[in-house]
There are 2 protein chains.
Amino acid sequence: MAWMRSETMATMKDISKNAKVSIATVSAVINKSSYVSQELTERVNQAIQELNYRPNAFARSLKGKSTKTVAAIVTDIENPYYPAMIKGMDDVAIMNGFSFILCNTANDPKRFINYLDLILEKRVDGLLISNISLREELEQVEKRGLNYVLLNRKPPAYDKNYVGINNHLTSELSVKHLVTLGYRNIAYIGGDLKISTAHERWEGFQYGMTEQGLEVNASLVFHGDYTIESGYKHAKKMISVQKRLPDAICAASDMIAFGAIKALRESSIRVPEDIAVMGNDNNPYSENFIVPLSTIDHLKYDMGKMAMESLFERIEGKERGIDRQIILNPSLVARVSCGWLNRSKD
Amino acid sequence: MAWMRSETMATMKDISKNAKVSIATVSAVINKSSYVSQELTERVNQAIQELNYRPNAFARSLKGKSTKTVAAIVTDIENPYYPAMIKGMDDVAIMNGFSFILCNTANDPKRFINYLDLILEKRVDGLLISNISLREELEQVEKRGLNYVLLNRKPPAYDKNYVGINNHLTSELSVKHLVTLGYRNIAYIGGDLKISTAHERWEGFQYGMTEQGLEVNASLVFHGDYTIESGYKHAKKMISVQKRLPDAICAASDMIAFGAIKALRESSIRVPEDIAVMGNDNNPYSENFIVPLSTIDHLKYDMGKMAMESLFERIEGKERGIDRQIILNPSLVARVSCGWLNRSKD
DNA sequence: ATGAAAGCGCTAACAT
DNA sequence: ATGTTAGCGCTTTCAT
């Protein structure tokens, strides 16, 4: 009765009995690994249909080497930065006939370690990790001998398998855009400097300012984290402390920009009329934000895609697989939060 | 050399040799399945440390019954409706010590079938499916004898394992909110009626209108799909066709509302001053949308969570597991797109 | 308290 | 062209 939920699925043995052939023949038919006569092939296929047979992937990879499985550990699937990235990974995995285990740590370091062990037990062929900032976390990965590539964030001075975007350039682009539009007195609200991307964006900001012949005003620099709350808090502080507001804010993430704009609006300061705000990362929310946010796009889908491709090169190349870093270039997305016209300010 | 990426990991046999005990003893130590002397236990643990051993989950579930794995098939991980739902599922899976395979079909029916077979081959213990609308798709699942629970959407007249929200009520709530605020001439822009949720929301709208003693004006009703584009298109059409606009729009999803508001703004029609717009589903974008959107919250996280809990009941209860449907109640989230005050319109 | 050995479902080398 | 058989890593009786 094919329609019944059979507690134990049919096995090759069942097929071989049903089709009155040997197990090896069944295997040969399924894997097309050697010639089998028309007749037996049919009998076997027939039996497979009848018994609703599906090979057991475990038994298979017990013998063989590969489990045809890859995994990814990401810090927060609810953060809009990641879904596109995950889709990029998944698409490539599928394309290669691999299955893909997604592990969401929800920013819990304990869950991270648990996942590492789980992945080991599942004998996964490769692992993508989005967001390792601490060298110790990386060590946990390496000491387990996992085949991995890092995504997005990386620990200090890491120079191996990594795919990310040129964060330094994101800020340069921001500054250049702002300056082109006529803004010169620019505040910076950044992320946690312990995170590589935040660090790079901050460096890029300083570099960009210098390049434009501008000075970074230390009283207009804030470091927090990539959240709405942090952007809100620091903008509030800036508003209350400064007698004269800067004419632009360069935020290190769109979330920060959202928070800053909220704070600004609460004080009836208009964006972009009174002050320009530049985001960074092109969050899917940004286009339709209260004020459509000018920002820097990060090619998140491609990041995931290329990271997975890179991982597959390592998997294919077995032990070898030369370490390499892929750095994607960001691009400017001009919307309305920075205005469009050259305004002259006294 | 523990730091080396060993192509083949240590096995129980290796441990047993290293610790000079039998394989059975190793197994007993690892699973605490029978008493082992202090001394041997230590020797075994020692060897496990040294060889960096991790049990092979495959071999394990080859013998035993359960693979300790669940899967979920979702239609679109990039749609902001789902990440929270997925997190709910994942959290419960983790809690139960199961691993969780996420399958994203990207709305591709072929990928759906492929995933079904994959899941079968991996001998997954249970499956969650968000978004089956077609009876034929369900049949594919059932004929494979999979242990599943449906989420969010369901095929017509489906009365088995399902977790969703009361879509009928979402529209009732919308209408009631609108009417309370003084709106009476209400347009409806809905989704694809072949989708259960869209159908239910449309039914709920009609019911709600009647309940409020209002008539549904057929020329103000549009059915499309849950996208920005669809909302935009139908609002445009309405604007161009109607000599006199309704005083409110009830949209069947936040995306539709976004699109409608876009169209409205393009025609310099203000929201909520000139027309109120009500969303549905409380998309994470909505709070900070161009005009913060009043909408109906869907408890997406809980949907995922409860669906997974329901699935575990089925897994635990083996073959049994009574079929049941869990319907969550939505709630109103009043923001600015519908205004706050009772306005009198002639 | 410990160990030997059978067997889970499959693949692949070897026989026939 | 087809079948026999030895493992893969582990769990689990069953002996000792």
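As the structure is a prediction and not an experimental result, all values here were calculated from the model. Numbers restart at 1 for each chain; the letters A, B, ... are given by sequence-line order, proteins then strands.
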Measuring from the side chain of [X] (C-beta onward, heavy atoms only), which nucleotide among [options] has the closest atom?
X: A:Ser22; options: D:dT4, C:dC10, D:dC8; value: D:dT4
X: B:Ser27; options: C:dC10, C:dG9, D:dT11; value: D:dT11
X: B:Ala24; options: D:dT4, D:dC8, C:dA4; value: C:dA4
X: B:Leu40; options: D:dC10, C:dT2, C:dC10; value: C:dT2

Nearest whole angstrom, please: distance from the [atom2] of [N] to the [atom1] of [X].
X: A:Phe58; N: D:dG7; atom1: CZ; atom2: P; value: 25 Å
X: B:Ile30; N: D:dT11; atom1: CD1; atom2: P; value: 7 Å
X: A:Met12; N: D:dA6; atom1: CE; atom2: C1'; value: 16 Å
X: A:Ile48; N: C:dG9; atom1: CD1; atom2: C1'; value: 14 Å
X: A:Asp14; N: C:dC8; atom1: CG; atom2: C1'; value: 13 Å
X: B:Lys63; N: C:dC10; atom1: NZ; atom2: P; value: 15 Å
X: B:Asn56; N: D:dG7; atom1: CG; atom2: P; value: 19 Å
X: A:Arg60; N: D:dC10; atom1: CZ; atom2: C1'; value: 20 Å

Ignoring hydrogens and geometry beyond distance, is a side-chain donor-acceptor pair present between [X] and [Y] at under 3.5 Å?
X: A:Asn18; Y: A:Tyr53; result: no
X: A:Glu42; Y: A:Gln38; result: yes
X: A:Lys122; Y: A:Thr69; result: no

Taking for B:Ala59 and for B:Ser37 the nucleotide of DNA chain C with the nearest heavy atom, the one nearer the 5' end belongs to B:Ser37
side-chain contact (heavy atoms from CB on, under 4.5 Å) partner of B:Tyr162, the single match among B:Asp323, B:Ile129, B:Ile327, B:Ile132: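 Looking at B:Asp323, B:Ile129, B:Ile327, B:Ile132, the match for B:Tyr162 under the side-chain contact (heavy atoms from CB on, under 4.5 Å) is B:Ile327.
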Criterion side-chain contact (heavy atoms from CB on, under 4.5 Å) against A:Ile119, the qualifying member of A:Ile73, A:Val70, A:Val141, A:Asn114: A:Ile73
Could you check whether B:Ile23 gets within reach of a base, just the sugar-phosphate, or nothing at all, counting any heavy atom under 4.0 Å? base
Looking at every strand, decide which applies to B:Val21 at a 4.0 Å heavy-atom threshold: base, sugar-phosphate, or nothing.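 Here B:Val21 touches the backbone only, sparing every base.
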Below 4.0 Å: OP1/OP2 of D:dT2 and any side-chain N or O of A:Thr25: no
